[in-house]
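Side-chain atoms are counted along with the backbone in the values below, which use heavy atoms only and exclude waters and symmetry mates. None of these values were measured; they are calculated from a predicted model. Each chain gets a letter, A, B and so on, in the order the sequences are listed, and its residues count up from 1.
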Amino acid sequence: MIASVKGTRDLLPPETRVWNRVEAVAREVFALHAFDEIRTPVLESTDLFVRTVGESTDIVHKEMYTFTDRGGRSVTLRPENTAGVARAYVEHGLAQGGGARKLYYIGPQFRYERPQKGRYREFRQIGAEVLGAADPATDAEVLGMLFDFLARLGFTGLSVALNSVGTDVCRGAYVEALRAYFSNHADRMGDDDRRRLEQNPLRVLDTKDPAVKAIVDEAPRMLDFLDAESAAHHEELLVLLDAAGIPYRIEPRLVRGLDYYTRTVFEVTAGGLGAQDALLGGGRYDRLVSDLGGPKTAGIGFAIGEDRLVDVLPPAFRDEAARAGSTVALVPLDRSDRAAAMELARALRAAGIAVDLDPAGKGPGAGLKGAERRGLSVAVLLGGREREAGTVVVKNLASRTQETVPVGRLAEFLKGS
RNA sequence: GUGGGAGUAGCUCAGUCGGUAGAGCAUCGGACUGUGGCUCCGAUGGUCGCGGGUUCGAACCCCGUCUCUCACCCCA
């Protein structure tokens, strides 16, 4: 037997209904914020990710699905979508016309990692980006939209962890300060954290080692190293978030894995996801577009891990979404009723009613049992006696009550119930 | 890439000391049913993840490998 490729999975009904509902809500909320959809290729030049995500990051270093195509070009299945959006922005001159471009995307991403809970080699992200807007008000707007979306899914009690990583200039000084500080405590650090200290001291802030966490608590804080402009940006954002009533907490240790972030970075974590508890992450990337050879363009965005989001969805939303909706089962009571049932099904569908017809006509028992098993809540029974009288029996599968309805008023009756 | 746990029917699992594989559910057929989650009878379904080794004989022991799973690294 041929199985799905390691780290990939099939999404089956009724689970796909849940995914569709989540995506429908995302599209609705994003549209209400005047975001438009962009679809970029799954396959991009390897260079795109090396230059944007960062050569020293693990994503580029060991997690990319990279191969050489028949023309000898190195191509990569996108590990994230922001770089592709920025590339398209430059390639198509979307800066023309001025103002900010507000874009969102929904689609699969690929990272060659060892799968575990909440982590797959093919995973889906729902993300949004604003290009060409440097003001902290845009940061607040993006976070506001994010919370709107989560609220509509029924999430409560989530808050965003917020920090500023400044710009290249002040970050250099901060990294040196960190390096100096941690070097004094290296004797109490494990191999992992010592390696991080060598390669990227910022990452030590993310340690899971309790002993090192205590050291981290006393470490210099990025916020104390921000240049005047970055500090002002950060302060103004907090004022705007407070005014908008958006819940956040300052997380001075929050650093993110992609090299392109500047100033604002944020992350939302959720319980129930095991060790991979980051539900979404994002931030500002004011250098990304110009790094790609485009005009100097500020940007900010976020990416939500859709697989993880669906994993921790509030049960009420999940149950509602998984239902079969208003589809009615049409049950011919006898084989001789099949033709009439098919005709009735056609008429109902023409009237906009979804009909699940089981044309076999194996009797009411089997028909009703099957309908309930498929998650339907209403059945229309059609038999010889009804056909003679020009009626059908409409049965509520949950309450097991039923009533006789003239065929001519059936569509109307079903829409009303 | 590293470590732990697990792979037996579509699903959940049993399988003794190594002796050629079982249950429940599901599916299909039948009985009974113009009103469903019953009941009864019967049937289908397994290269025991895959490959090698030990053995007269392997689902069981050994080695390798693949996949799943959890964790590390890192991230959504």
Side-chain angles (χ1 to χ4, degrees), chain A residues 1-9 12 53-54 56-64 78-82 106-127 190-193 195-196 199-200 202-203 206-209 254-258 266-270 273-282 301-312 329 331-334 336-337 358 360-374 376-377 379-387 392-402 404:
Chain A
M1 192 196 65
I2 298 175
S4 69
V5 169
K6 182 185 178 108
T8 69
R9 55 185 185 147
L12 308 172
V53 175
S56 68
T57 62
D58 269 26
I59 291 179
V60 167
H61 193 234
K62 61 175 195 182
E63 295 174 3
M64 293 207 302
R78 63 185 183 199
E80 57 101 46
N81 218 145
T82 300
I106 298 175
Q109 320 291 335
F110 300 83
R111 289 181 201 172
Y112 193 89
E113 302 177 271
R114 193 90 172 251
Q116 70 183 71
K117 186 173 178 60
R119 189 167 69 193
Y120 308 96
R121 288 186 171 180
E122 180 193 29
F123 60 104
R124 291 105 188 148
Q125 285 188 334
I126 299 175
D191 289 345
D192 276 341
D193 286 315
R195 183 178 49 75
R196 289 158 145 178
Q199 292 174 353
N200 187 351
L202 288 171
R203 297 239 62 92
D206 259 348
T207 187
K208 288 181 183 173
D209 182 341
L254 177 66
V255 291
R256 302 202 38 78
L258 285 62
F266 55 89
E267 187 172 276
V268 172
T269 56
L273 286 172
Q276 311 304 319
D277 61 353
L279 187 59
L280 64 92
F302 61 80
I304 303 169
E306 193 176 2
D307 302 74
R308 292 179 184 178
L309 182 69
V310 169
D311 248 14
V312 297
V331 180
L333 296 186
D334 186 82
S336 63
D337 299 314
D358 177 9
K362 287 196 288 192
L368 293 172
K369 189 173 171 183
E372 185 163 60
R373 201 175 284 171
R374 291 193 298 278
L376 307 181
S377 52
V380 173
L381 305 179
L382 180 63
R385 297 214 283 269
E386 286 75 19
R387 277 160 63 196
V392 293
V393 171
V394 178
K395 177 149 185 159
N396 182 315
L397 293 175
S399 65
R400 303 197 174 189
T401 57
Q402 65 182 46
T404 303

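Residue A:G118 is in base contact, counting any heavy-atom pair closer than 4.0 Å across all strands shown. As judged by a 4.0 angstrom heavy-atom cut-off over every strand, A:G281 is placed among residues touching the sugar-phosphate backbone only. Among the heavy atoms of the strands, none lies under 4.0 Å from A:E122. Among the heavy atoms of the strands lying under 4.0 Å from A:Q402 is at least one base atom, whether or not backbone atoms are also near. No contact: A:L309 has no heavy atom under 4.0 Å from any strand.
Take A:E267 and apply the side chain to side chain donor-acceptor pair (under 3.5 Å) test, not counting sequence neighbours, and it matches A:R256. A:N396 meets the side chain to side chain contact (heavy atoms under 4.5 Å, CB included) test with A:A398, A:S399, A:T401; sequence neighbours excluded. Checked against side chain to side chain donor-acceptor pair (under 3.5 Å), A:Q109 has the following partners two or more places apart in sequence or in another chain: A:R78, A:N81. Partners of A:T404 by side chain to side chain donor-acceptor pair (under 3.5 Å), not counting sequence neighbours: none found.
Regarding A:R119, its CZ atom lies at a distance of 11 Å from the P atom of B:rA76, rounded to whole Å. Residue A:D277 contributes atom CG, which lies 15 Å from atom C1' of B:rC72 at whole-angstrom precision. Spacing between atom CG of A:L368 and atom P of B:rU33 amounts to 18 Å, rounded to whole angstrom units. Atom CD of A:E113 and atom P of B:rC73 are 12 Å apart (whole Å). Regarding A:D206, its CG atom lies at a distance of 14 Å from the C1' atom of B:rC72, rounded to whole Å. Whole-Å rounding puts the A:R385 CZ to B:rU35 C1' distance at 11 Å. The distance between atom CZ of A:R195 and atom C1' of B:rC72, rounded to the nearest whole Å, is 10 Å. To the nearest angstrom, C1' of B:rC75 lies 17 Å from OH of A:Y112.
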- Verdict with reasoning, A:I106 to A:R124, per side chain to side chain contact (heavy atoms under 4.5 Å, CB included): CA-CA 7 Å; A:I106 298 175; A:R124 291 105 188 148; 6.0 Å; no
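A salt bridge does not link A:D311 with A:R308: every distance from a Lys NZ or Arg NE/NH1/NH2 to an Asp or Glu carboxylate oxygen is 4.0 Å or more.
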Protein-nucleic acid N or O pairs under 3.5 Å, nucleotides 67-69 of chain B:
residue : atom : partner : partner atom : Å
B:rC68  : OP1  : A:G7    : N            : 3.0

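Set against B:rG34, B:rA76, B:rU35, the side chain of A:E386 has B:rG34 as its closest nucleotide. Of the candidate nucleotides B:rC72, B:rG34, B:rG36, B:rC72 has the atom nearest to the side chain of A:Q276.
The minimum heavy-atom distance linking A:L202 with A:V255 is given by the pair O-CG2, 3.5 Å. Closest approach of A:P108 and A:E122 over heavy atoms only: CB-OE2, 3.6 Å.
The shortest side-chain heavy-atom distance between A:F266 and A:L280 falls under the 4.5 Å cut-off. Between A:L381 and A:L368, some side-chain heavy-atom pair lies under the 4.5 Å cut-off.
Mapping A:L397 and A:G274 onto RNA chain B by nearest heavy atom places A:L397 at the nucleotide closer to the 5' end. Sequence order on RNA chain B of the closest nucleotides to A:K62 and A:Q125 puts A:K62 first from the 5' end.
Taking the P atom of each, B:rA21 and B:rG46 are spaced 13 Å apart, rounded to whole Å. To the nearest whole angstrom, the two C1' atoms, one in B:rC73 and one in B:rG37, are 49 Å apart. Remark: the separation of the C1' atoms in B:rG10 and B:rG5 is 25 Å, to the nearest Å. The C1' atoms of B:rG18 and B:rA59 are separated by 10 Å, rounded to the nearest whole Å.
Both tests hold for A:R121 against A:Y112: distance to the six-membered ring centre under 6.0 Å, angle to the ring axis within 45°.
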- In the 5'-to-3' direction, what one-character label does each nucleotide of nucleotides 24-29 of chain B receive under the scheme B = base within less than 4.0 Å of a protein heavy atom, S = sugar-phosphate only, - = no such atom? ---S--
